[in-house]
Protein chains: 2
Amino acid sequence: MTVADVAREAGVAKATASRALGGYGAVSDEARDRVLAAAEALGYRPNELARSMNTGKSKTIGVVVGDIENGYFGLAMRGISDAAKRAGYDIILVNTSEDVEAEIDAVRLLLDKRVDGLIVAPASAYRTEHLREVHQSGHPLVLLDRRIESLPAVSVGVDIAPAARAATRALVAEGHRRIAFVSALGTDGERYSGLPLGVSSVTDRLVGILQGLEETGIPISPELIRFEAHGAEKTHAVIADLLALSEPPTAILLSDSLVALNVLLAFRELGIKVPRDVSVVAFDDVDWAAITDPPMTVVSQPIYDVGVTAAEELLRLMRGMAPDATTLRLPAALVERDSIGPVAVSAQ
Amino acid sequence: MTVADVAREAGVAKATASRALGGYGAVSDEARDRVLAAAEALGYRPNELARSMNTGKSKTIGVVVGDIENGYFGLAMRGISDAAKRAGYDIILVNTSEDVEAEIDAVRLLLDKRVDGLIVAPASAYRTEHLREVHQSGHPLVLLDRRIESLPAVSVGVDIAPAARAATRALVAEGHRRIAFVSALGTDGERYSGLPLGVSSVTDRLVGILQGLEETGIPISPELIRFEAHGAEKTHAVIADLLALSEPPTAILLSDSLVALNVLLAFRELGIKVPRDVSVVAFDDVDWAAITDPPMTVVSQPIYDVGVTAAEELLRLMRGMAPDATTLRLPAALVERDSIGPVAVSAQ
DNA sequence: TGCTATGGTGAGTCCGGACTCAATTGCATG
DNA sequence: CATGCAATTGAGTCCGGACTCACCATAGCA
């Protein structure tokens, strides 16, 4: 069923049918009625591919994330999806498994499919040529969750440093001086060797934490800053290692909800009680944080809104408008529950 | 940059450039080299839209789910995505918020965009004309998680009834006779009034439970079968109501992980201890089930594999092959942890 | 030498709408 | 009644690859 079929059925020229169907140009009421009736009778549906072809618009945006299975991106995805749908856009979703090569391929492929814009959660802050190309070639691009310093593309994320600082100060207020940070981030070396890190959202957490430490006059101990805690085993090892230190941490900040889960699992295996033995604060107010024992103090992030905002900024760019700002950070908040306690006597 | 540009640059005709680039037909080595060099120099990338236009294939599949934010679909999505990527397909994801109208629109829109196939988790077992049309018009269609009795389309899901039966028997073995089932499913009436339900995956759970009950000679109490437990408040109300019964349940089966979360929250507010006061089994081995207090006994479902299988079956259909079966059910398993205990003395 | 396979090539068409442009019509105005 | 203007319409082109078809050249064969 094509416009030509409809036109024949309606007894008009292809151009007239096309106008009536597309709702542009001038068409007499009579012709429009005939065309619409014919389209209805024939069950005509426009071929969006053909339409995209000469409008140059596909009404589709590409979203590239590291891991949809991760609730964080799932929720952001939902925000993007809702906002995009409101504007009549569809979404092509690509999962990269946090692999830069896959990300490069994905971006290229999406551009080949002529998406109108891209939202990318970059897997790496180092390998960014492909994103720079996209941005420089004028394709609307919004960075999700993570920003890239050297790339002037719009990025939408969470202003996590102040909340990280607040979390740190809350721990210090309870007497903690040995405060650790555990992240799943893969680093080149095993050890912390200064900022920035490969992923800006983790860097921001650490910036806030270090700030909170400095303000309260607590020296920074690089051995308490740990990475590569991905998976239950590695996380268990990291925690066991931390706890075996001559001066072990009395409090731990957990970089995301997956790390938090694995750490809680490790605690259970190690017989560690929260907050009796160790106090804990996790980033991201995941749904199950309220039912842990005890309920977990967390830094809550407006992830859905990050998704919505990212999509809306992209829509602005696609309309040729200037972005609201190059870097948009939505506020995070410390949600105090019961996983922070005073420093254990035995640990002092 | 089009083939025409490349052809001009290489000094050959459009057709030759097209052949060299597309890898079909006969091209001399010399011409191919010149074309490829020109394409490289010009940074040529094929327009997949144009390509799709006359191949009739878009190398894209549409996925329609009720809620990506839900970890269940997130994981299934990951499976679909991985399998699709292996075969060179992209995915257009549409979230319907479990709204049938949105689902109908989504299916139509995806077809207009000429996706090569569709994977749909139908929001309703009643409003299915749109899916029937899709199937009858010959478009490859795979139903995810839920099947529709009257529709002979391929469906891929979990064989949950045997596991539900096992879970029920495990409860009965501990002496439970008042066993409730709580689901978030929206029903017409408030009360249970027989099978089937509007969503086959929930029906299957109940079928298995009722079977387990019958086999052990326990009478079925419709007042213990509850729906519409969506959101924390409604779930709290449902639980409070169940517990206020003259003969309250001593064990509860929870239809999915979100219901489980809300029920655990309600228990905390109500001061109910698991398994001392009430025993619990939840469907879906969500990641946090191992860190609840106590660790929760669950029915584990191979959701990722369901996604992979759904995508692979769709790929078969798209290749014109017969499906492996009309209904594919992957096995579920009872994972026994510590949320089942003997019947409390006070409740007997 | 004459013939046919065969590889290689270019011109041109097709996919299905959007859009340009020129032509036609109707109606109002001078 | 002629002219002007706007509304309406149809023919045809374009978007960018895929693909058909006719044609040319060379090689192989009788």
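To find a chain, count down the sequence lines: A is the first, B the second, and so on, and within it residues start at 1.
- Annotation: the span from A:Met318 atom CE to A:Ile61 atom CD1 amounts to 5.5 Å, rounded to 0.5 Å.
- Of the candidate nucleotides C:dG16, D:dT9, C:dG12, D:dT9 has the atom lying nearest to any side-chain atom of A:Ala31.
- In terms of position on DNA chain D, the residue among B:Leu49 and B:Ala15 whose nearest nucleotide sits closer to the 5' end is B:Leu49.
- If you take CD of A:Glu48 and C1' of C:dA18, they are 12 Å apart, rounded to a whole angstrom.
- The base of D:dG16 does not come close enough to the side chain of A:Arg114 for any donor and acceptor atom to sit less than 3.5 Å apart.
- Taking every side-chain heavy atom of B:Ala26 into account, C:dG8 is the closest of C:dG12, C:dG8, C:dC21.
- Residue contacts for B:Arg32: at a heavy-atom cut-off of 4.0 Å it reaches no nucleic acid atom on any strand shown.
- Taking atom CG on A:Asp33 and atom P on D:dT8, their separation rounds to 13 Å, with Å as the unit.
- Nucleic acid contact class of A:Ser18 (heavy atoms, under 4.0 Å, all strands): base.
- One can place CG of A:Leu21 at 15 Å from C1' of C:dC19, the figure rounded to the nearest angstrom.
- Computed from coordinates, the A:Tyr44 OH to C:dG16 P distance equals 10 Å when rounded to whole Å.
- Side-chain contact annotation: A:Lys14 with A:Thr2, donor-acceptor N/O pair under 3.5 Å absent.
- Regarding B:Glu30, its CD atom lies at a distance of 12 Å from the C1' atom of C:dT9, rounded to whole Å.
- For the side-chain contact (heavy atoms from CB on, under 4.5 Å) with B:Tyr89, the lone residue among B:Leu315, B:Leu314, B:Ile80 that qualifies is B:Leu315.
- Looking at the side chain of A:Asn47, the nearest of the listed nucleotides C:dT20, C:dG16, D:dA18 is C:dG16.
- Between B:Thr16 and C:dT9, a side-chain N or O to OP1/OP2 separation shorter than 4.0 Å is absent.
- Here the rule is salt bridge (Lys or Arg N to Asp or Glu O under 4.0 Å) with A:Asp82, and of A:Arg78, A:Lys85, A:Arg86 only A:Arg78 fits it.
- In this structure, CE of B:Met53 is placed 11 Å from C1' of C:dA18, rounded to the nearest angstrom.
- When distances are taken from the side chain of A:Arg19 to each of C:dA18, D:dG16, C:dC21, the shortest belongs to C:dC21.
- Atom pair B:Asp29:CG and C:dG7:P shows a separation of 13 Å (rounding to whole Å applied).
- Rounded to an integer number of Å, the gap from NZ of B:Lys14 to P of C:dG10 is 13 Å.
- Put simply, B:Ser28 has a side-chain N or O that comes within less than 4.0 Å of OP1 or OP2 on C:dT9.
- Listed here is the closest heavy atom pair of A:Ala39 and A:Val6: N-CG1, 3.9 Å.
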